[in-house]
Number of protein chains: 2
Amino acid sequence: MEVKEKLVKSTDLKSEILKQLYLEKSLSCAEMSTLFNKSIPIITKTINELIEEGFVIEVGYAPSSGGRRPLMYAVKPDAMYIMAIAMDQLSTRITIVDLNNKPVTEIETVEMVLNNNSVALAELISYIDSYIIKSGIKKDNILGIGIGMPGFVSVKDGINYSYLDANGEKLTDYLAKATGLPTYIDNDSSIIALAEQRFGIAKSLTEVMVINLGWGIGLGMIVKGDIFRGYSGFAGEFSHIPVFEDGVLCICGKQGCLEAEASMLVVVKKAIEGIKQGRLSTLHSFIDDPLKLMGDAIFDAANNGDQFVIELLSDAGYKIGKALSILIHIMNPQTIVLSGRGAKAGKIMMAPMQQALNKYCIPRLAANTELLISDLGFDGEIIGAAALVMENFDNEQLAINTKRLNMVKL
Amino acid sequence: MEVKEKLVKSTDLKSEILKQLYLEKSLSCAEMSTLFNKSIPIITKTINELIEEGFVIEVGYAPSSGGRRPLMYAVKPDAMYIMAIAMDQLSTRITIVDLNNKPVTEIETVEMVLNNNSVALAELISYIDSYIIKSGIKKDNILGIGIGMPGFVSVKDGINYSYLDANGEKLTDYLAKATGLPTYIDNDSSIIALAEQRFGIAKSLTEVMVINLGWGIGLGMIVKGDIFRGYSGFAGEFSHIPVFEDGVLCICGKQGCLEAEASMLVVVKKAIEGIKQGRLSTLHSFIDDPLKLMGDAIFDAANNGDQFVIELLSDAGYKIGKALSILIHIMNPQTIVLSGRGAKAGKIMMAPMQQALNKYCIPRLAANTELLISDLGFDGEIIGAAALVMENFDNEQLAINTKRLNMVKL
DNA sequence: TAAACTTACTAAAATATTTTAATAAGTTTT
DNA sequence: AAAACTTATTAAAATATTTTAGTAAGTTTA
């Protein structure tokens with residue numbers, strides 16, 4: 001533990017400790033004292049209150065580092081639960097996790113198209129309600145709902161400008177009213193980046209760019225250790241920067257977008273065309289169900305040495321690499337993480353990507369940036385959605401839940 | 001005043017107040033109380049100490065907002081001085097400013113080429129020494145030296161990897177030893193961005209991209225209200241991103257860089273070529289002294305309606321605009337500021353730039369970004385260099401200077 | 001294996017900070 | 001023009017936080 005010192009208001013200490021314990025497996029009083037720049041007595045007092053209130057438990061002694069062994073504290077996993085929802089264009093996953101991010105009931109996947117679907121919002125609410133009932137967990141025990149979704153999401157305004165219109169009302173307010181639970185939304189890629197920085201391969205790093213390889217190519221940015229959203233909340237529109245001169249026409253209406261040249265959707269389309277034109281591939285059996293192709297089949301094919309698929313992924317990788325070189329020039333990140341549903345494809349894409357970085361980056365920058373593949377993979381968005389709720393956990397939330405836990409005791 | 005609340009350690013309150021007073025013209029106790037989240041008594045006590053020690057003065061009453069008029073406090077301008085140095089490839093400007101950023105002695109410009117100049121560092125030191133002597137200001141009264149310089153500057157390492165090599169030693173340490181004053185360095189564009197955000201047209205904005213129009217095209221980034229430098233300190237390498245397919249060969253060795261297509265150097269080169277080929281321009285009298293062309297002549301010509309120059313600048317503006325659209329997609333800034341020596345040219349470039357933004361940006365992003373021209377202009381780098389010293393002002397610095405001021409009194 | 005050194009935890013004393021209440025000095029309303 | 005309302009400043013009381021010192025429990029060194 002050599003986490004950088006945090007500055008917190010004394011009144012926020014309690015919720016901040018709980019947040020920190022959610023992020024770390026366990027901490028000693030001394031560690032928290034240095035972390036929060038508070039004296040040991042005040043930490044001890046606060047921790048004891050948290051134990052008294054049922055949020056924190058002792059988890060034994062850590063190995064000695066040359067003196068008395070420190071007593072470690074951790075969050076009580078079942079003190080509160082979080083509902084985590086991960087949406088994409090075609091399907092939505094719902095689960096409820098405990099404070100160790102462990103699903104307490106199985107992740108449920110429902111097919112729901114977002115585009116031009118005026119009943120999507122109503123459906124989502126009904127899915128949420130029935131899932132909570134099925135789970136057997138009392139609503140009072142759920143801290144809130146975190147949702148990752150594609151589109152132009154403004155966290156500040158609580159609105160997704162692309163999907164799930166709530167008749168002009170704040171989507172977060174609308175969902176909170178409908179479900180009776182505090183609701184937080186964010187862009188899927190941002191949420192995946194949050195998961196990678198809090199619990200994944202980029203844990204505790206401060207400058208991280210996370211590429212969300214889904215049907216499209218998303219970017220989640222971690223700047224100075226936190227999600228970066230830009231001024232109006234639309235930062236990271238990576239896939240629509242003009243990289244290729246006179247390229248394919250993109251759905252966004254412009255030419256030369258990365259997404260129109262190198263997304264998984266494009267790879268699949270090219271695969272279908274190629275197979276139809278007689279190219280040999282193990283994927284020919286999927287040709288009638290192209291959208292399901294993505295479901296690991298394409299990566300499995302690549303991993304099994306399917307030449308055609310490898311060729312297609314390599315080409316996409318090189319193009320993404322060229323765009324990444326632009327990103328690196330501007331952001332100079334420590335790490336780039338390939339994550340999201342298609343993270344597996346990252347393995348095949350990595351070599352051509354690195355090749356493009358070497359070609360298009362100033363050497364000093366290429367040398368200072370490492371390219372990694374997520375180990376969270378498809379779970380990233382779920383974990384990120386849960387983490388989003390805890391990001392917003394504050395004293396107010398704590399007070400509500402303290403009351404609740406005390407009520408239960410009586 | 002509705003500045004966002006700052007979290008400061010109690011032990012840092014004194015230096016933080018002084019820093020804040022350097023940035024604002026004046027503040028009342030109540031304002032500082034809300035700003036720093038401290039009680040009025042503690043602010044009063046601290047301010048009185050600062051007055052006692054000679055750093056702060058009362059500057060009268062502010063207009064009432066419906067009650068007793070607040071007593072305003074400001075920094076004592078001559079309590080300390082700052083040496084500010086602005087370097088570019090060809091010349092270096094030196095001055096000493098007071099705590100109102102007013103030069104106390106005239107800004108001195110010396111010709112000094114940075115590239116392949118092994119004696120540049122020694123020259124710089126001698127310029128500094130002689131300027132201090134000439135100024136008549138005691139070294140003890142100078143808080144430190146702030147230097148803006150082109151090149152790959154790593155603030156963390158205190159090294160400029162492009163110029164001013166100090167035999168592997170930290171440049172900041174070397175200069176501090178040689179001059180006897182704490183020295184801080186940063187990239188010229190970053191420092192200009194700092195000036196714009198602290199004292200210029202982007203004052204107090206949190207997400208700002210500042211384009212430094214000099215011989216090259218620099219970028220200084222303000223993210224979350226502070227200079228953004230990236231992980232290894234090289235963020236903002238805007239002018240070498242691959243924007244143009246198969247473009248001109250750049251000095252960086254790559255093709256299609258913005259700098260190779262649209263920098264002022266390129267504009268000047270094209271102007272010379274054009275005039276030689278018979279194009280009419282009021283610049284023909286400068287043809288024998290191309291490097292001096294830049295010295296306002298090119299902007300004057302444009303402002304006077306010189307068609308050829310306007311054409312060249314418009315073309316450069318459009319190209320910069322295309323690159324800016326990439327930057328906007330990634331960063332989603334609130335404001336883009338055209339600054340630096342060539343800020344004047346911004347007026348002519350603005351229309352084609354906006355045109356490129358409209359073409360290459362997703363409409364929602366283009367609409368959310370305003371394009372402004374600096375009013376600091378050529379002074380930006382000097383002001384930023386001074387601000388850089390105050391950025392690093394802390395309790396330690398304060399203690400040293402308190403001692404000094406008390407010594408003087410005895 | 002005992003002595004010396006580290007580190008962790010607890011309680012009391014010292015210090016720092018905020019809250020409260022009283023007063024001063026304005027503006028706006030009646 | 002007086003009364004009612006705001007806002008600023010000051011001093012005293014109440015509260016919060018840190019420092020200090022003492023004890024407990026381990027590791028390392030001689």
Side-chain angles (χ1 to χ4, degrees), chain A residues 1-3 5-17 20-21 24-53 56-74 395 398-399, chain B residues 1-3 5-17 20-21 24-53 56-74 395 398-399:
Chain A
M1 280 288 306
E2 358 66 32
V3 185
E5 164 184 320
K6 282 185 185 180
L7 243 54
V8 280
K9 274 196 265 182
S10 296
T11 47
D12 294 339
L13 185 59
K14 226 167 177 175
S15 56
E16 289 297 325
I17 284 181
Q20 197 61 34
L21 286 176
E24 312 295 332
K25 274 176 288 291
S26 63
L27 289 169
S28 71
C29 280
E31 284 170 330
M32 290 186 251
S33 172
T34 30
L35 176 63
F36 293 114
N37 238 281
K38 300 278 160 188
S39 66
I40 301 254
I42 208 82
I43 297 283
T44 310
K45 201 194 81 188
T46 311
I47 282 283
N48 284 334
E49 283 174 23
L50 283 168
I51 291 175
E52 182 70 25
E53 290 158 3
V56 168
I57 49 172
E58 296 181 355
V59 287
Y61 295 90
S64 165
S65 58
R68 180 170 166 174
R69 292 180 313 189
L71 187 51
M72 304 303 282
Y73 301 92
N395 259 6
L398 179 64
Chain B
M1 279 287 306
E2 357 66 33
V3 185
E5 163 183 322
K6 282 184 184 179
L7 243 54
V8 282
K9 274 197 266 183
S10 297
T11 47
D12 295 338
L13 185 59
K14 225 168 179 175
S15 55
E16 288 298 324
I17 284 181
Q20 197 61 34
L21 287 176
E24 312 296 333
K25 274 177 288 291
S26 64
L27 290 169
S28 70
C29 279
E31 283 170 331
M32 290 185 252
S33 173
T34 31
L35 177 62
F36 293 113
N37 237 279
K38 299 278 161 191
S39 66
I40 300 254
I42 207 79
I43 297 284
T44 310
K45 201 194 83 191
T46 313
I47 282 284
N48 284 334
E49 282 174 26
L50 283 167
I51 291 174
E52 182 70 24
E53 290 159 3
V56 168
I57 50 173
E58 297 179 354
V59 287
Y61 294 91
S64 164
S65 57
R68 180 169 165 176
R69 290 180 314 190
L71 188 50
M72 303 303 282
Y73 302 92
N395 258 9
L398 179 64

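Values in this document were obtained by computation on a predicted structure and should not be read as measured data. Every chain is numbered from 1 and lettered A, B, ... according to where its sequence line falls, protein lines coming before strand lines.
- B/E58 has its CD atom 12 Å from the C1' atom of D/dT9, to the nearest Å.
- Separating the CD1 atom of B/I47 from the P atom of D/dT10 is a distance of 12 Å, rounded to the nearest angstrom.
- Residue A/S64 places its side chain closer to D/dG26 than to any other of D/dG26, D/dT18, C/dT17.
- Residues meeting the salt bridge (charged side-chain N to carboxylate O under 4.0 Å, His left out) test with A/K38, sequence neighbours left out: none.
- For B/R68, the side-chain contact (heavy atoms from CB on, under 4.5 Å) test picks out no residue, with sequence neighbours left out.
- Distance B/I42 CD1 to D/dT10 C1': 14 Å, rounded to the nearest Å.
- When rounded to the nearest whole Å, the span between NZ of B/K45 and C1' of C/dA16 equals 7 Å.
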Could you list the donor-acceptor pairs under 3.5 angstrom formed by side chains in residues 56-64 of chain B, with sequence neighbours left out?
unit_1	atom_1	unit_2	atom_2	d
B/S64	OG	B/G66	N	2.9
B/S64	OG	B/G67	N	2.8
B/S64	OG	B/G67	O	2.5

Enumerate the protein-to-nucleotides 9-15 of chain C contacts in which both atoms are nitrogen or oxygen and the separation is below 3.5 Å.
unit_1	atom_1	unit_2	atom_2	d
C/dC9	OP1	A/L71	N	2.8

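- A/T46 places a side-chain N or O within 3.5 Å of a backbone atom of A/I42 that can act as its donor or acceptor partner.
- Along DNA chain D, the nucleotide closest to A/G67 and the one closest to B/S65 are compared, and the more 5′ of them pairs with B/S65.
- At whole-Å resolution of the value, CZ in B/F36 and P in C/dA16 are 20 Å apart.
- Computed from coordinates, the B/K9 NZ to D/dT18 C1' distance equals 14 Å when rounded to whole Å.
- For A/K45, there are no salt bridge (charged side-chain N to carboxylate O under 4.0 Å, His left out) partners at least two apart in sequence or on another chain.
- Rounded to whole Å, atom P of C/dA8 lies 12 Å from atom CE of A/M32.
- For B/E49, the salt bridge (charged side-chain N to carboxylate O under 4.0 Å, His left out) partners are B/K14, not counting sequence neighbours.
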